[in-house]
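Here the structure comes first, spelled out in structure tokens, and everything after it is commentary.
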Amino acid sequence: MVEAPSPAPAPRGPLAGIRVVDLSRLAPGPYCTMLLADFGAEVIVVGGGRAGVAIPEFSRGKRHISLDLKAPAGRAALHALVKTADVLVEGFRPGVADRIGAGYETLAAFNPRLVYCSLTGFGQDGPRALEAGHDITYLALAGVLGSMGPKDGPPEAPLNLVADFAGGSLIAALGILAAVIEAKTTGQGQKIDAAMVDGALSLMAMHWPLWKTPHWPARGDGLLGGGAPFYRAYRCADGGFIAVGALERGFFEALWRRLDLGEPPDHMRRDLWPEIERTLEATFAGQSRDHWTALFTGTDACVAPVLAPDEVWSDPHIAARHPDSGPNRVPAVPRLSRTPAQAHPLDLSDCTAQVLREAGLNDDEIATAAVPSDPAGRSGLDWPPELR
């Protein structure tokens with residue numbers, strides 16, 4: 001007798017049982033919902049239309065469907081799906097979601113406990129709310145970009161990590177989790193206005209008071225801005241770089257003595273910084289990056305090699321903590337001892353029929369609600385864009 005196949009394993013993780021409908025595209029929204037999926041949330045990505053598609057690297061652990069939200073049948077299908085959801089994430093400019101039947105007031109009428117997160121660059125109000133922007137735009141307005149880079153060159157953006165992902169995705173995820181917890185108690189959802197420019201402002205909380213002070217007098221100067229010789233990177237003999245972060249006195253003394261440079265000077269005296277910098281520059285230029293890496297391994301001098309992206313995954317510490325990770329499979333973080341996050345498999349197949357059937361639609365309704373995923377005529381950005 002052939003046994004029946006075992007049922008699929010139940011969702012695991014601290015967010016198991018939480019259903020998320022994701023209308024967002026490209027980067028901040030999809031990264032936010034990937035984090036939720038890593039912790040066990042069921043994430044249903046709603047695609048279709050002319051917008052760009054979500055980045056595949058952020059699509060693991062999600063199911064993908066395609067709806068025509070400009071048609072009544074597509075909107076009805078979304079409404080049926082929302083009735084079963086705990087969270088909805090969208091990244092449209094203000095007013096767009098309302099025009100396609102996906103605004104908060106409309107959806108909350110179907111599901112009063114829905115947590116609705118609008119993740120945008122400028123937020124839902126203000127003079128720039130309807131303008132387009134990218135990470136560098138929000139950094140510029142938040143004072144972050146104007147504080148980064150060398151003092152003798154233009155400001156430099158740290159990829160799109162600060163506004164898109166830290167100020168956008170992570171802050172949105174925090175707001176979603178807070179609102180979901182509250183909704184479990186009250187039975188009432190709410191709308192989250194997560195603006196990347198707001199997140200960038202918040203991330204600067206430690207630094208605002210130091211601007212134009214001796215600790216941070218200008219871009220490219222100060223304790224953390226590149227002016228302190230004990231908190232910067234140095235070129236080595238092989239062209240590689242070594243990063244020094246010996247901010248505290250004990251760490252600086254460990255650095256100086258490990259380099260056999262004699263009695264450590266008072267590194268908080270700004271008038272000594274030029275001489276300290278010249279000494280460290282000349283010293284690190286005398287040997288390769290790997291020589292210095294080996295010399296400082298196991299010490300408390302806060303010294304590390306500056307690794308290129310293709311070197312990271314072979315670093316002994318990274319490899320020990322994340323042996324199954326790599327450039328196409330970043331680890332699921334942070335670690336939880338009892339209900340850990342998991343980097344679920346990537347499946348980009350079209351699950352429209354299956355998901356809508358689960359939501360109670362019949363085959364005719366599914367056929368009229370769905371739209372094939374067709375990149376032709378898209379107005380959004382696919383990533384990476386084709387370079388010519």
Side-chain angles (χ1 to χ4, degrees), residues 11 13 15-71 74-92 96-97 100-102 107 111 114-120 164-165 168-169 172-173 176 180 192 194 328-330 332 341-359 361 366 369-375 378-383:
L15 297 183
I18 300 296
R19 170 173 275 193
V20 180
V21 176
D22 185 1
L23 299 180
S24 66
R25 301 288 189 273
L26 200 55
Y31 182 64
C32 170
T33 57
M34 185 195 80
L35 297 176
L36 301 179
D38 285 350
F39 280 106
E42 178 193 7
V43 178
I44 298 171
V45 177
V46 180
R50 300 181 64 227
V53 297
I55 296 174
E57 286 76 14
F58 298 153
S59 297
R60 69 189 187 195
K62 304 177 182 181
R63 291 196 290 173
H64 297 260
I65 70 173
S66 184
L67 297 179
D68 183 1
L69 296 181
K70 293 185 178 181
R75 296 182 187 185
L78 175 67
H79 298 164
L81 193 58
V82 164
K83 291 177 182 178
T84 70
D86 301 280
V87 178
L88 182 136
V89 178
E90 61 92 6
F92 300 115
V96 173
I100 59 173
L107 299 186
N111 182 355
L114 181 70
V115 171
Y116 185 107
C117 180
S118 294
L119 175 49
T120 61
D164 276 3
F165 299 125
S169 308
I176 289 169
V180 166
I192 300 168
N328 296 311
R329 183 183 170 86
V330 299
Q342 299 181 46
H344 297 285
L346 173 65
D347 181 4
L348 296 177
S349 62
D350 187 345
C351 298
T352 304
Q354 176 188 359
V355 169
L356 295 186
R357 202 168 286 124
E358 292 171 1
L361 276 67
I366 293 171
V371 59
S373 180
D374 181 8
R378 255 191 211 133
S379 59
L381 177 69
D382 290 339
W383 190 264

Heavy-atom nearest pair, Leu107 first then Gly101, reads CD2-O, 3.7 Å

Note: Thr352 and Ala370 closest approach over all heavy atoms is CG2-CB, 3.7 Å

Is any side-chain heavy atom of Val115 less than 4.5 Å from a side-chain heavy atom of Asp86?
no

For Gly48 and Ser66, the nearest pair of non-hydrogen atoms, with its separation, is CA-OG, 3.6 Å

| query | Does Ser118 reach the main-chain N or O of Val89 with its side chain, forming a donor-acceptor pair under 3.5 Å? | reply | no

What one should report as the nearest heavy-atom pair of Gly74 and Leu67 is O-CD1, 3.9 Å

Margin query: Run the side-chain contact (heavy atoms from CB on, under 4.5 Å) test on Phe92 and Leu23 for me, step by step, so that the C-alpha distance in whole Å, both residues' side-chain angles and the decisive distance to 0.1 Å come before the verdict.
Written below: CA-CA 9 Å; Phe92 300 115; Leu23 299 180; 4.2 Å; yes

The ring-ring contact (aromatic ring centres under 6.0 Å, His included) partners of Phe39 (sequence neighbours excluded) come to none

Margin query: Between Asn111 and Ala85 (side chain of the first, backbone of the second, donor and acceptor by atom type, cut-off under 3.5 Å), is there such a pair?
Written below: yes

Q: Take His64 and Ser349 through the test side-chain contact (heavy atoms from CB on, under 4.5 Å) and record every step on the way to the result.
A: CA-CA 7 Å; His64 297 260; Ser349 62; over 6 Å; no

The reported gap from CG in Leu78 to CG in Leu88 (rounded to nearest 0.5 angstrom) is 7.0 Å

ask   = Does the side chain of Ile176 reach to within under 4.5 Å of the side chain of Ile192, using non-hydrogen atoms?
value = yes

Rounded to the nearest 0.5 Å, the CZ atom of Arg357 sits from the SG atom of Cys351 at a distance of 11.5 Å

- Task: Return yes if a side-chain donor-acceptor contact under 3.5 Å exists between Glu90 and Ser24, otherwise no.
- Result: no

Residue pair Leu81 / Val355, side-chain heavy-atom distance below 4.5 Å: yes

Minimal heavy-atom distance between Ala332 and Ala343, with the atoms involved, is CB-N, 3.8 Å

Task: Chi angles and distances behind the side-chain contact (heavy atoms from CB on, under 4.5 Å) call for Asp164, Tyr31 - done: CA-CA 9 Å; Asp164 276 3; Tyr31 182 64; over 6 Å; no

Side-chain heavy-atom pair Ile65, Ile44 within 4.5 angstrom cut-off
yes

Go through Asp22 and Val46 one step at a time and tell me if the side-chain contact (heavy atoms from CB on, under 4.5 Å) criterion holds. CA-CA 6 Å; Asp22 185 1; Val46 180; over 6 Å; no

When rounded to the nearest 0.5 Å, the distance separating CG of Leu346 from NZ of Lys62 is 10.0 Å

### Query
Okay, side chain of His79, backbone of Ala102: is any donor-acceptor separation there less than 3.5 Å?
no

Taking every heavy atom of Leu119 against every heavy atom of Ala172, the minimum-distance pair comes out as CD2-CB, 4.0 Å

Residue pairs meeting salt bridge (charged side-chain N to carboxylate O under 4.0 Å, His left out), one or both in residues 33-46, sequence neighbours left out, come to Arg19-Glu42, Asp38-Arg60, Glu42-Arg63

